[in-house]
Amino acid sequence: MGKKLIFNVLLNLGIFLCLLLTYSGFQSGRYEYVLGSVFIGAVLVIIKIRLIKEVRNTQR
């Protein structure tokens with residue numbers, strides 16, 4: 001369970017960094033950064049949802 005907690009924290013940090021990169025990409029007009037960070041952020045959110053479902057199933 002400790003590994004999943006650490007993995008969850010890393011996913012949260014990754015999602016937060018993607019949000020920051022998206023914002024700074026919009027500010028500077030670098031839309032390739034925006035596109036890349038949105039794609040990576042979406043992948044991280046999907047992985048986080050799977051992790052949450054897995055944790056819920058192990059608690060039952």
Side-chain angles (χ1 to χ4, degrees):
M1 193 62 131
K3 291 180 184 178
K4 291 181 183 180
L5 179 68
I6 293 171
F7 188 52
N8 187 30
V9 170
L10 291 175
L11 285 173
N12 288 336
L13 286 173
I15 292 168
F16 181 71
L17 289 175
C18 284
L19 289 173
L20 287 178
L21 185 61
T22 302
Y23 178 74
S24 66
F26 270 125
Q27 293 296 319
S28 63
R30 301 294 304 254
Y31 296 107
E32 63 272 8
Y33 291 163
V34 173
L35 182 65
S37 65
V38 166
F39 177 73
I40 293 172
V43 170
L44 292 176
V45 168
I46 291 170
I47 293 171
K48 184 171 176 69
I49 291 170
R50 287 184 182 177
L51 178 67
I52 290 170
K53 285 181 181 179
E54 184 179 329
V55 168
R56 284 185 184 165
N57 287 336
T58 57
Q59 288 179 349
R60 293 182 183 172

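Predicted, not measured: the structure shown is a model, and the values here were computed from it.
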- Note on the structure: Heavy-atom closest pair (G14 atom, L44 atom, distance to 0.1 Å) is C-CD1, 3.6 Å
- Shared ILVMFWY cluster between V45 and F7, side chains joined below 4.5 angstrom? yes
- To the nearest 0.5 Å, atom CG of L11 lies from atom CD1 of I52 at 9.0 Å
- Nearest 0.5 Å please: distance from the CG atom of L21 over to the CZ atom of R30. 10.5 Å
- Nearest heavy-atom contact between F26 and V34 is N-CG2, 3.6 Å
- Co-membership, hydrophobic cluster, residues L13 and I47, 4.5 Å side-chain: no
- Item | Nearest-0.5 Å distance, CG of residue N12 to CG of residue N8 | 5.0 Å
- Task: Nearest 0.5 Å please: distance from the NZ atom of K53 over to the CG atom of N57.
- Result: 9.0 Å
- Query: Which distance, rounded to the nearest 0.5 Å, do you find between the OH of Y31 and the OG of S37?
  - Reply: 12.5 Å
- Task: Nearest 0.5 Å please: distance from the CD atom of Q27 over to the OG1 atom of T22.
- Result: 12.0 Å
- Message: Count I, L, V, M, F, W, Y as connected when their side-chain heavy atoms are under 4.5 Å apart, and connections chain through other members. Are I49 and I40 then in the same cluster?
- Response: yes
